[in-house]
K.L.:
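The structure's right below; bear with me while I get my questions together.
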Amino acid sequence: YGALTLPDGDVLMLPQTNHKLLRFTPGNNAAVQIGEASGQSNNGYGGFKLAPNGNVYIFPNGNNNVCKYDPVANSWSSLGTATSKYRGGAVDNTGNILVAPDNTSNILEIDTANDTFTERTFSGVSISSTLGTPNCYGATEMPNGNVMLLGYKSNQHYEINASGNVGSEH
């Protein structure tokens, strides 16, 4: 489900239907697995994002855990269990991560300063009943500091501001 480059040049990959990240160091032929202890769910994660604080936050999909990976300390921790599924996140203008819903009306907001998260419903304008439950598969930062949640197989695109309000539906 994606890859990202860490500040030290290593590359993290998030394989589909896996509960571990793979960390590659350029020049090495092997990857190191990072993640939950054995015996945890083999269901995968929906995405991950490098935050301004240098940590990587991992979003639940088949797996319900919201997790944090500290690449400097090489440590993995769970922030708790989410009730919905998510895919793709973006950093808003406060440094928090807003994560796109996967067939749910919740937004996952990760507070990167306190390593906490909340699941909350969209607020502001209502979600269009003609579009149904949001099914988004990505998110991106916008120049104005808002986050655009990107729809999947539909015209569902939502611009979310730092307070979690839907500024506009596209």
Side-chain angles (χ1 to χ4, degrees), residues 1-25 28 30-123 133-141 147-150 152 158 160-164:
Y1 278 119
L4 60 85
T5 303
L6 296 171
D8 68 1
D10 282 5
V11 175
L12 285 182
M13 294 180 61
L14 182 63
Q16 185 178 10
T17 66
N18 197 331
H19 61 285
K20 294 187 181 287
L21 299 176
L22 299 177
R23 183 171 180 164
F24 291 91
T25 300
N28 290 348
V32 176
Q33 289 190 5
I34 302 160
E36 297 175 87
S38 61
Q40 295 287 333
S41 169
N42 285 324
N43 293 324
Y45 290 97
F48 58 168
K49 185 71 179 174
L50 179 65
N53 65 10
N55 293 321
V56 176
Y57 293 86
I58 302 100
F59 326 131
N61 196 276
N63 189 320
N64 292 333
N65 291 330
V66 178
C67 297
K68 177 182 88 169
Y69 172 62
D70 179 339
V72 175
N74 196 31
S75 65
W76 177 279
S77 58
S78 174
L79 303 182
T81 302
T83 59
S84 297
K85 297 175 186 251
Y86 300 93
R87 293 190 192 268
V91 178
D92 70 14
N93 60 3
T94 68
N96 290 336
I97 298 173
L98 297 178
V99 186
D102 180 4
N103 206 25
T104 178
S105 59
N106 291 335
I107 300 170
L108 178 67
E109 180 180 12
I110 300 174
D111 178 341
T112 60
N114 298 303
D115 287 337
T116 58
F117 70 91
T118 55
E119 293 179 277
R120 54 192 163 92
T121 58
F122 284 93
S123 56
T133 302
N135 193 6
C136 300
Y137 272 70
T140 189
E141 295 88 3
V147 169
M148 178 66 77
L149 303 180
L150 309 171
Y152 176 72
Y158 306 100
I160 310 295
N161 64 27
S163 61

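When a residue number appears, it is its place in the shown sequence, counting from 1.
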K.L.:
Give, for atom SG of Cys67 and atom CD1 of Ile110, the distance between the pair rounded to the nearest 0.5 Å.
P.N.:
9.5 Å
K.L.:
Which pair of non-hydrogen atoms, one from Phe24 and one from Ala31, has the smallest distance, and what is that distance?
P.N.:
CE2-CB, 3.3 Å
K.L.:
Could you list the residues that satisfy salt bridge (charged side-chain N to carboxylate O under 4.0 Å, His left out) with Asp111, not counting sequence neighbours?
P.N.:
none
K.L.:
What's the shortest heavy-atom distance between Phe48 and Phe59, and which atoms?
P.N.:
N-CE1, 3.4 Å
K.L.:
Who passes side chain to side chain contact (heavy atoms under 4.5 Å, CB included) against Ala90, sequence neighbours left out?
P.N.:
Ala139, Glu141, Val147
K.L.:
Grab the two heavy atoms, one from Gly95 and one from Pro52, that are nearest each other, plus how far apart they are.
P.N.:
O-CD, 3.9 Å
K.L.:
Using the side chain to side chain contact (heavy atoms under 4.5 Å, CB included) criterion, which residues pair with Asp8? Sequence neighbours excluded.
P.N.:
Leu6, Asp10, Arg23
K.L.:
Please enumerate all residues that pass side chain to side chain contact (heavy atoms under 4.5 Å, CB included) together with Thr118, with sequence neighbours excluded.
P.N.:
Glu109, Arg120
K.L.:
Quick one: pull up NZ in Lys49 and CG in Leu14 and give me the separation to the nearest 0.5 Å.
P.N.:
13.5 Å
K.L.:
So do the side chains of Trp76 and Asp70 get within less than 4.5 Å of each other, counting heavy atoms only?
P.N.:
no
K.L.:
What pairs with Asn53 under side chain to side chain contact (heavy atoms under 4.5 Å, CB included), at least two apart in sequence or on another chain?
P.N.:
Ala51, Asn55, Tyr57, Thr112
K.L.:
Starting from the C-alpha separation in whole Å, work towards a yes-or-no answer on side chain to side chain contact (heavy atoms under 4.5 Å, CB included) for Tyr69 and Asn74.
P.N.:
CA-CA 7 Å; Tyr69 172 62; Asn74 196 31; 2.6 Å; yes
K.L.:
Distance from Leu12 atom CG to Leu50 atom CG, nearest 0.5 Å?
P.N.:
8.5 Å
K.L.:
In Å, rounded to the nearest 0.5 Å, how long is the span from CD1 of Ile58 to NZ of Lys68?
P.N.:
10.0 Å
